[in-house]
Amino acid sequence: MIIDINAFLGHYPFRQLHFRNAAKMVELMDHNGIDRALVSSLNAVFYRDAHRGNQELIEDIHAHSSRFIPVATVNPKYAGWQHDLEEAVVSWKVKAVTLVPAHHGYSLVDAYGQAALESIADYGLPVVLTQRFEDRRQRHHWDIAEDFEIKTLLQVAQAHPQLRFLLINWIGLDGPSLAEAGLKGRCLIDFARLHVLLRKDVAKLIAALGVEAIAFGSHMPFDYVGPSLVKLADLESLPEADYEKIAWRNAATFLRIDD
Amino acid sequence: MNRNRRETLKAIGAAAVAISSELPSASVAAEDSPAMQKASLPGGEGLPSGWRAMRKYDVHNHVMEALHEPGADWSQTEDLVEAAEKLGIDMLCCSRPITGGKQAGNSEVRDVNNSVLAAMKRYPERIAGFCFIQPGNGPAALDEIDRCLEGGMIGVKLYNQFKYSDPIVFPVAERCIAHGIPLLGHSGHVTDARTQAAQPQISDSHDFCMLSGRYPELSLILGHVNGGGDWEWAIKALRDCPNVYVDTSGSVLENNTIEMCVQELGHERVLFATDLTMEGCVGKILSAALTPSQREDIFWRNFQKILERRRT
């Protein structure tokens, strides 16, 4: 079984994506042996009112509810965001909440970001932080969002000790620094941009944070799924229990998807 | 839903195909026999069976250390070779370019090429050499090509000291033609200000087309189509330059890159490479909507044909 924690539905304004609705993504998942995917709405990143993107996401995945685990996107600068967050958590049973401060025009360490992080922690849900959607060297003229900085991550991790973090599409994470910031046991990192063999990124993170910190992620539909399947195959040498944690069990536990 | 590990591995090992309905109509080349090629992936899950054993030539890779010096640290090269063994990469074409646009003198150039020669000597079955050249060194640069070839190297690598449309590069191209060896060039149509400022002389597809137009007999390879930069622009700009190959390496693993290369350029102009993104670049060839024959051509056969043009 595989659970993919790095997946998105909807349109991306700067490049055509295939497999951008739930029905097409189920086909992609079936062809790649992926059982379930944690998904958030790309439309919610770019709409002024992010919650409209959440509504579209919930509608889109409704017919495929056994395959998708929904994530709400919150814009704490927008009117009524607390109400929208409550609806997503209470009515739609989202399992995590994503924040995209670079796209929504705030910082995780300003008053907006702090309020959002506190609310997410109050609901007992993990916050999803995507380091970047695509490489800046190919960016569209209107794409001005900067990559998430690790120092900001470490800062908010220390400031919110009860909050759990889902770190999507990251590279350059230093395991000991994350552990020092108190993230051991309260973060889950996908390996879409990490190396298993050459730089041993995954082994280094496991050494610092435990195998419970790593999960399968592909960054679909932006990226091919094959690279992450190859990485998973490269992890076959791990004890079977650890392999299964990375393939799906860590995601299931962290997201409490059977609750 | 709770498949165990055995079932998961079986699914991953089963034959795979990307979903044809989502792909450009011309993404699968017509020259392959549908009866023989099309149906390799009936179940369509995971990675193609036997993917590790498929022959693979990585046309763009690097050694990073001064391996020719006493007491050299071989650890990164050992890791590189170990990764290649696990991924079934039979040949690593390695260079050690001088980056940052530095106008390095020939002694420094010789030094980095000596690192590659040392790696070739230690791993003769796995590492092939590409000779880094700084075109500004004039006749000494051409002598360095000859020296590298005498040492067993099989190609030339250029970085970003000069755009490839600059006439200073022409003698290097002519020497490659004389030897019948490929010329691999660092490339990128970069659209962000930081990278543009850092690499003002980086070549994009237009520079490659200009050089190829002047020297159509040159085996010219546009390096790392996914190495950062607008790859869709890069591919479209190569449409009318039939003698330029692309290598598939780079840290960007974006869906549809390989299919677009095949559709716009034809699969025989596409060469597998990793540029140190080992699992990612193997995986995207395995994921792409290719016939088995196309995949084999891209993994090794297209480059083999280039190597057969060598005169030395």
Side-chain angles (χ1 to χ4, degrees), chain A residues 1-3 15-20 24 27-36 66-67 134-141 143-144 171 191-200 218-234 236-237 240-241 243-244 247-249 252, chain B residues 1-5 7-9 11-14 16-19 21-23 41 43-47 51-52 76 79-80 82-83 86-87 188-192 194-195 226-233 251-258 276-288:
Chain A
M1 175 163 166
I2 299 174
I3 297 178
R15 182 167 75 88
Q16 183 190 51
L17 298 177
H18 302 287
F19 315 108
R20 57 181 174 261
K24 285 295 179 188
E27 290 181 33
L28 180 66
M29 292 161 65
D30 287 345
H31 279 262
N32 286 285
I34 295 173
D35 298 84
R36 303 183 74 174
S66 66
R67 306 297 299 277
E134 66 172 9
D135 192 299
R136 65 177 166 81
R137 294 170 293 181
Q138 66 186 41
R139 64 174 32 166
H140 187 280
H141 180 65
D143 180 6
I144 58 172
I171 197 169
F191 61 36
R193 292 178 66 210
L194 305 179
H195 296 258
V196 173
L197 294 177
L198 197 54
R199 296 173 195 157
K200 299 181 172 49
S218 70
H219 201 48
M220 62 180 179
F222 287 91
D223 289 358
Y224 287 109
V225 177
S228 290
L229 294 177
V230 169
K231 292 172 193 174
L232 189 62
D234 285 340
E236 288 172 18
S237 58
E240 182 159 344
Y243 173 93
E244 291 198 345
W248 68 275
R249 201 177 290 277
Chain B
M1 188 181 72
N2 289 333
R3 283 190 305 186
N4 62 26
R5 182 183 186 185
E7 291 166 332
T8 299
L9 292 173
I12 292 170
V17 69
I19 300 162
S21 62
E22 279 286 342
L23 297 171
L41 308 166
E45 283 190 352
L47 301 170
W51 64 270
R52 288 189 198 272
Q76 289 187 56
D79 288 348
L80 175 69
E82 181 186 1
K86 289 182 176 174
L87 295 168
H189 185 70
V190 295
T191 57
D192 73 307
R194 257 182 290 174
T195 309
N226 276 150
D230 185 342
W231 53 267
E232 293 174 289
W233 189 101
S251 60
V252 174
L253 304 173
E254 291 189 340
N255 193 21
N256 207 44
T257 305
I258 307 303
L276 298 169
T277 301
M278 307 285 282
E279 294 125 337
C281 289
V282 170
K284 65 186 179 185
I285 301 297
L286 298 174
S287 266

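Per chain, numbering begins at 1; letters A, B, ... match sequence-line order. If you're wondering where the values come from, they're calculated on a predicted model, not measured in any experiment. Atom set for the values below is all heavy atoms of this structure, side chains included, hydrogens, waters and symmetry mates excluded.
Residues passing the ring pair (Phe, Tyr, Trp, His ring centres under 6.0 Å) test with A/Tyr224: none are found, sequence neighbours excluded. For A/His219, the ring pair (Phe, Tyr, Trp, His ring centres under 6.0 Å) criterion is met by A/Phe8, A/Phe222, not counting sequence neighbours.
Annotation: maximal heavy-atom pairing with chain A below 4.5 Å, among B/Leu276, B/Val282, B/Thr277, occurs at B/Leu276. The greatest number of non-hydrogen atom pairs below 4.5 Å with chain A, out of B/Leu80, B/Asp79, B/Leu253, is found for B/Leu253. Among B/Gly227, B/Gly228, B/Gly188, B/Gly229, the residue with the largest count of heavy-atom pairs under 4.5 Å with chain A is B/Gly229. With respect to chain B, the highest number of heavy-atom pairs below 4.5 Å among A/Glu134, A/His140, A/Arg199 belongs to A/Glu134. Each of A/Ala192, A/Pro221, A/Gly226 has some count of heavy-atom pairs under 4.5 Å with chain B, and the biggest count is that of A/Gly226. For the options B/Arg194, B/Met278, B/Glu232, heavy-atom pairs under 4.5 Å to chain A are most numerous at B/Arg194.
The shortest heavy-atom contact between A/Leu197 and B/Lys86 is CD2-CD, 3.7 Å. Closest of all the heavy-atom pairs between B/Ser287 and A/Asn32 is OG-OD1, 4.4 Å. Contact between B/Ala83 and A/Leu198 at its shortest, heavy atoms only, is CB-CD1, 4.3 Å. Pairing each heavy atom of B/Gly46 with each of A/Leu229, the nearest pair is CA-CD1, 3.8 Å. The minimum heavy-atom distance between A/His195 and B/Glu279, with the atom names listed, is CA-OE1, 3.8 Å.
Rounding to the nearest 0.5 Å gives a distance of 10.0 Å between CG of B/Asp192 and CG of A/Asp143. In this structure, B/Asn255 CG and A/His18 NE2 are separated by 6.5 Å, a value rounded to the nearest 0.5 Å. Expressed to the nearest 0.5 Å, how far CZ of A/Arg139 lies from OG1 of B/Thr191 amounts to 7.5 Å.
Interface remark: A/Arg193 contributes no atoms to any contact with chain B (heavy atom separation under 4.5 Å). Contacts between B/Val190 and chain A at a heavy-atom distance below 4.5 Å involve backbone atoms as well as side-chain atoms. Heavy-atom distances place no part of B/Ile285 under 4.5 Å from chain A, backbone and side chain included.
Proximity of A/Asp234 to B/Arg52: side-chain heavy atoms (C-beta onward) are separated by under 4.5 Å at one or more points.
Between B/Glu254 and A/Arg15, at least one side-chain N (NZ, or NE/NH1/NH2) sits under 4.0 Å from a carboxylate O, which counts as a salt bridge.
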